[in-house]
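In listed order, ligands and their atoms are each counted from 1.
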Amino acid sequence: MTKTEAQDRIAKLKALINDYRYHYHVLDESTMSEAAADSLKHELATLEASFPELITADSPTQRVAGEPLAKFTQVTHSSRMLSLNDVFNTEEVLAWVERLRKLRPGVDLEYFADIKMDGLACALVYQDGFLQTAITRGNGFVGEDVTLNVRTIENVPLQLRSRAGYEHLSIGRTEIRGEIIMLKADFEALNRQRAAEDKPLFANPRNLAAGTIRQLDPALAAARPLRFRAYDLIRPDSSEIPTYSYAYQALQQIGISANQQATVFTDITEVLTFAQHWDAARHELPFNTDGLVIKLNDRRLYAELGVVGKAPRGAVAYKYAAEEATTTVKDIILSIGRTGTANPVAVFEPVVVAGSTVQHATLHNADEITRKDIRVGDTVIIYKAGDIIPQVLKVLVELRPKQTVPFDMEAELQRQYPELDFERVPGEAAYRMKNVTGPLLLKRSLEHYASKGAMDIDTLGEKNVAALIDAGLVTDLAAIYALSEAQVLTVDRFAKLSAQKLVSGIQAAKQPLLERFIYGLGIRHVGAQTAIDLADAFGSVAVLASASLETLQAVDGIGTVVAESITAWFADADNEQLLKKFEELGVAPQYESHANGPLHNQNFVITGGLEAMSRDEAASKIRNLGGNFQSTLGKDTTYLVVGANVGAAKLAKAAKYGTKQISEADLLELLGIK
Ligand code: IVH
């Protein structure tokens, strides 16, 4: 990126992030998720790092957040309300433990892990058991007095329960810190009601909770179902609360909610398992969470270890991978699905979302692209929850470059598939290939899959393919591996012996050579030679499937069109399913390197007819020995194999290039056949 381009991008990013911050901090509204904003801030910081002369004092990267609002009475906290340092993976958790071990050698550490709630921090001060003040975090030292609003929260007791063994907590000052949240179900119900009343929808539960607490009308607060969940209990004599586990137990006794999931561990690996569990199960919780809080259970040790910056040494926030990120759309390509529909797929600048790299997402259909106005060159927010496939949430129009054009499905079909005819399916959003009826495409692709150059299953010729598909026994390529003799016998065409032969022929093809398997998939523009090049470059289907456009294009002989076609094929959710099914049914392609073959680096062109074998057979034998089979004569052709009835022009061209001309007999010798 040039400096001028960077300047332009930085200006746009700053404007968008500042707008987000203004809505978030001043209006308590959310224009995008925190994860998406973080993603933009990260891009800005990266650009600023490359062009430090472009950093200005008003850049969002140069700010600190969280001053208390003047409209509330300000209250000084009894002790600073701290933040937590974030850790994002196992290594960082273990590094934290390592630091603690160095500070306290030989001490057995006990950990207390709780779900990190995504809400608004609040301190409740009880005097002699009665709720006296509720204070927001503010800047950590001074917060806002929001008592009137907090008093409307049903699960905040106005008086603490006095229980045997815990009476002392109703004497003197008891401070309870925790999070004000809104349950997902309550939030959704509110938004449904808003939608029915044609009112704008709230962005997310946290913002709504924060917005409700940080406004001056308690009646409004009362109308919104908020909850409080504690994570800390503070007494003037800290020795009364020796551990966090004791604090949680005491909180429950005095009538304050805390998360039931919180657990004590003595082994950090168990904490990591707990974290993994909640990372996967987080959507089952009634409230939003973005991680775990892990702290030392022993509060004296925790206090002794002190604070660095704004965070205690004795605790960390283990953050789950963000489920949203921003990236740019590099291309929109069309893949043809099994039924002949054209499926648009966005190709992105690779970005990590929810722990895995995302480089493409289905855009569903032309209407969806138009509705979201997704264009090549756009910056988009992409979203991924758990195992769900990534989706484009929205376009950040503010970051759109000048020269973009709206996506035009029909023009793209023309450009990407000039040889095919498409029509829009009446009443549907899909475009489908014309003249494709029933399982025609599946029949063609299975014939190809079983053909000599691919799996070479000779019992699976055109007629058998048609019979099996028409009988409904085969619904995709992988389904052939699940066929039993008994099933095949139900089809008229087959008798005991032929059914047996078919099934055993298919089963025998379960460990094909990788390049034959890739070729057999029938990816557009991937012929036998390209399949070999891909096998050599990537070594497995999984690596090929996750290759980026650039990596594909870096393979010799693979240009943009082929790379796009491969990307589109692997991005198609149906194909992803298909590959999974192959694997489940035990199909395991084997890679054998061609680099050591005797014909390595030698390029062959065959002209005229051969006697001993077909051209395809010859090509396949050449490739098996590491040679390349070319369709047209070029400067890099090593041998021109001259068969029967060859025109003079070809020979003249070979002579001009200095290509060595050999006979069919010479070829057979090179192939080790004679
Ligand atoms: S313990 C030093 N436990 O997350 C603060 N905090 O990013 C130790 N939070 O300031 C707090 N759920 O507002 C703790 N189960 C939980 C929490 C939790 C949410 C908030 C809290 C804290 C912030 C740190």
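Close contacts between ligand 1 and Ala121 involve ligand atoms 13 (O) [criterion: under 4.0 Å to a heavy atom]. Distances below 4.0 Å separate heavy atoms of Val293 from the following atoms of ligand 1: 1 (S), 3 (N), 6 (N), 14 (C), 16 (C), 17 (C), 18 (C).
At a 4.0 Å heavy-atom cut-off, ligand 1 touches Leu82 through backbone and side chain alike. Only the backbone of Ser83 comes within 4.0 Å of ligand 1, counting heavy atoms alone; no side-chain atom from C-beta on gets that close. The part of Glu179 lying near ligand 1 is the side chain, judged by heavy-atom distances below 4.0 Å.
Around atom 4 (O) of ligand 1, the closest heavy atom drawn from Arg229, Lys116, Gln261, Arg177 belongs to Lys116. With Met117, Lys295, Arg80, Arg137 as candidates, the residue nearest to atom 12 (N) of ligand 1 on a non-hydrogen basis is Met117.
Of the inter-residue distances, the one linking Thr362 atom OG1 with Gln391 atom CD reads 7.5 Å to the nearest 0.5 angstrom. In this structure, Arg99 CZ and Leu305 CG are separated by 11.5 Å, a value rounded to the nearest 0.5 Å.
Ring-plane geometry between Tyr302 and Tyr244 is classed as perpendicular, the angle between the planes exceeding 60 degrees on a 0 to 90 degree scale with a lower cut at 30. Under the 30°/60° scheme for interplanar angles, the aromatic rings of Tyr166 and His168 are found to lie parallel.
Distances between N or O atoms of Asp114 and those of ligand 1 include at least one value under 3.5 Å. Considering backbone and side-chain atoms alike, Ile115 places an N or O below 3.5 Å from some N or O of ligand 1.
Taking a cutoff of 4.0 Å between a charged side-chain nitrogen and a carboxylate oxygen, Glu368 and Lys372 qualify as a salt bridge. The existence of a salt bridge linking Glu304 and Arg300 is confirmed by a sub-4.0 Å separation between a basic side-chain nitrogen and an acidic carboxylate oxygen.
The nearest protein atom to atom 8 (C) of ligand 1, hydrogens excluded, is given as Leu84 CD2, 3.9 Å; this is a heavy-atom distance. When hydrogens are left out, the protein atom nearest atom 21 (C) of ligand 1 is Tyr231 OH, 3.2 Å; that is the closest non-hydrogen contact.
Taking the ring centre of Tyr231 as origin, the terminal cationic atom of Arg177 falls outside the region bounded by 6.0 Å and 45° from the ring axis.
There is a side-chain donor-acceptor pair under 3.5 Å between Thr174 and Arg235.
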